[in-house]
Amino acid sequence: MISKIIDEDLIQEAKAYIEDAENIVITTHVSPDGDAIGSSLAFCIFLRTIGKNANVIVPNDFPGFLKWMPASSDIIVYEKKKTVADELIEQADLIFALDFNVLKRIDSVAISVADSAAKKIIVDHHLDPGNFADLVISYPQFASTSEMIFRIICRMGYFTELNKECAECIYTGMMTDTGGFTYNSNGAEVYVIVSELIKKGIDKDAIYDKVYNNYSESRYRLMGYMLYEKMKLYPEYGAAMISLTADELSKYDFKKGDTEGFVNMPLSIKGIIFSAFFKEEGGKIKCSFRSQGDVATNTFAAQYFNGGGHKNASGGESYDNMEQVIEAFEKALPSLKDELNEELKRRGYV
Ligand code: 5GP
Ligand code: MN
């Protein structure tokens with residue numbers, strides 16, 4: 001039995017909005033990850049199954065290791081097909097905002113979405129949802145938006161309509177947002193849901209293989225360079241920092257998704273519990289932060305790098321150059337000293 005965590009009124013309101021709508025657009029955050037694509041495709045497949053004209057619009061392209069996913073070839077990349085996307089947004093009766101909290105996270109798609117007369121529903125597990133939607137289904141206690149999609153479809157009474165393709169997308173999102181069920185994944189009901197997805201016919205081992213054993217050679221060459229030359233440790237803080245400039249990335253023939261998971265790698269080193277990754281891309285520096293235990297990265301990201309996110313996984317951005325960003329990071333690091341020390345003590349490292 002799966003608990004009814006999501007408020008019944010929200011479920012019924014969402015159901016009513018869906019029943020009233022014919023054209024539905026699903027949108028998700030920039031640089032979409034497995035949960036963004038998984039939740040969006042799962043919901044799109046479900047909506048099509050119940051007869052809706054549903055489409056997924058993403059701000060920019062998504063990684064190659066997600067391109068095997070059912071209906072992924074139908075995804076409209078805003079950067080590439082702006083006119084088609086704008087038309088769909090304008091004609092939509094209902095827009096779902098999945099796996100993000102504020103419009104800024106969908107980059108240039110935000111303008112059309114904000115302008116659209118469509119009703120808007122947020123389904124998300126990030127903190128602090130914005131106020132751009134008519135209905136907000138925000139539950140940070142869930143490990144993935146994909147898990148929320150499973151729960152919402154079931155609670156609306158459509159478990160039978162949830163088919164194998166939809167289940168594959170939900171599983172992919174649940175798996176990727178928990179690092180293959182290695183963090184943020186102690187919720188017992190996660191495994192009840194996985195069990196239901198397996199009963200729907202998914203091959204979870206094959207999905208793992210398609211997502212995690214599907215990388216390019218250049219990613220591994222870049223990883224080697226990054227680990228050898230570009231990973232700096234701050235043992236007194238239990239911290240690590242990685243930086244990659246646009247020049248370095250292009251030298252290794254960087255393609256979207258090639259640096260996926262890099263930020264987590266230093267955390268595998270004994271005594272490292274906080275990791276930062278700075279990547280120069282698209283004229284700015286994209287910042288990623290990860291931590292273990294009680295070290296809050298989201299407040300750090302918000303305070304110093306114009307970002308936010310979850311406690312143990314957050315991000316931000318900067319328009320300074322790489323040297324300045326690294327300098328700012330090293331200046332900011334002492335502000336986490338007490339938190340880091342507490343966690344290092346708890347883990348018996350100091
Ligand atoms: P990633 O490091 O994988 O890009 O992002 C990890 C998490 O940090 C995301 O799921 C998202 O919650 C948050 N995040 C990443 N970039 C930003 C940003 O620029 N602004 C905010 N507010 N959150 C971000
Ligand atoms: Mn997510």
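All heavy atoms count here, side chains included; hydrogens, waters and symmetry mates do not. Atoms within each ligand, like the ligands themselves, are counted from 1 in listed order.
Checked against a 3.5 angstrom limit, the closest N/O atoms of His126 and ligand 1 fall inside it. Residue-to-ligand polar distances keep Cys287 apart from ligand 1: every N/O pair is separated by 3.5 Å or more. Of the N or O atoms in Asp33, none lie within a sub-3.5 Å distance of an N or O in ligand 1.
The option from Gly308, Gly307, Ala302 that lies nearest to atom 24 (C) of ligand 1, judged by heavy atoms, is Gly308. For atom 6 (C) of ligand 1, the nearest non-hydrogen atom from the set Glu317, Arg290, Lys284, His310 belongs to Arg290. Remark: among candidates Ser318, Gly309, Ser314, the nearest residue to atom 5 (O) of ligand 1 is Ser314, based on non-hydrogen atoms.
Only the side chain of Lys286 comes within 4.0 Å of ligand 1, judged by heavy-atom distances.
Distance check for Asp33 against the Mn ion (ligand 2): none of its N/O/S atoms falls below 2.8 Å. Among the atoms of Asp35, an N, O or S atom is found under 2.8 Å from the Mn ion (ligand 2).
The distance from ligand 1 to the heavy atoms of Ser288 drops below 4.0 Å at these ligand atoms: 1 (P), 2 (O), 4 (O). Taking a cut-off of under 4.0 Å to the non-hydrogen atoms of Ala313, the atoms of ligand 1 that pass are 7 (C), 8 (O).
For Asp99, the N, O or S atom with the smallest separation from the Mn ion (ligand 2) is OD1.
The nearest protein atom to atom 19 (O) of ligand 1, hydrogens excluded, is given as Gly316 CA, 3.5 Å; this is a heavy-atom distance. The nearest heavy-atom contact from the protein to atom 15 (C) of ligand 1 is Gly315 CA, 3.4 Å. Among all non-hydrogen protein atoms, the one lying nearest atom 11 (C) of ligand 1 is Arg105 NH2, 3.6 Å.
The closest side-chain heavy-atom distance from Tyr78 to Asn60 is not below 4.5 Å. At least one side-chain heavy atom of Phe96 sits under 4.5 Å from a side-chain heavy atom of Ile18. The shortest distance between side-chain heavy atoms of Phe100 and Ile122 does not fall below 4.5 Å. Put simply, the side chain of Ser335 reaches to within 4.5 Å of the side chain of Tyr304, judged on heavy atoms.
Using a 4.0 Å cut-off between charged nitrogen and carboxylate oxygen, Asp61 and Lys80 count as a salt-bridge pair. A salt bridge links Glu317 with Lys284; the closest basic N to acidic carboxylate O contact falls under 4.0 Å. The residues Glu281 and Lys256 are annotated as salt-bridged, a charged nitrogen and a carboxylate oxygen being separated by less than 4.0 angstrom. With respect to Glu330 and Lys232, a salt bridge is recorded, a charged nitrogen being found less than 4.0 Å from a carboxylate O. Using a cutoff of 4.0 Å between basic side-chain nitrogens and carboxylate oxygens, Arg48 and Asp74 are scored as salt-bridged.
The OD2 atom of Asp177 and the NE2 atom of His125 meet at the Mn ion (ligand 2) at an angle of about 90°, given to 10°.
Few gaps surround CD on Glu189; more than 12 heavy atoms of other groups in view lie less than 6.0 Å from it.
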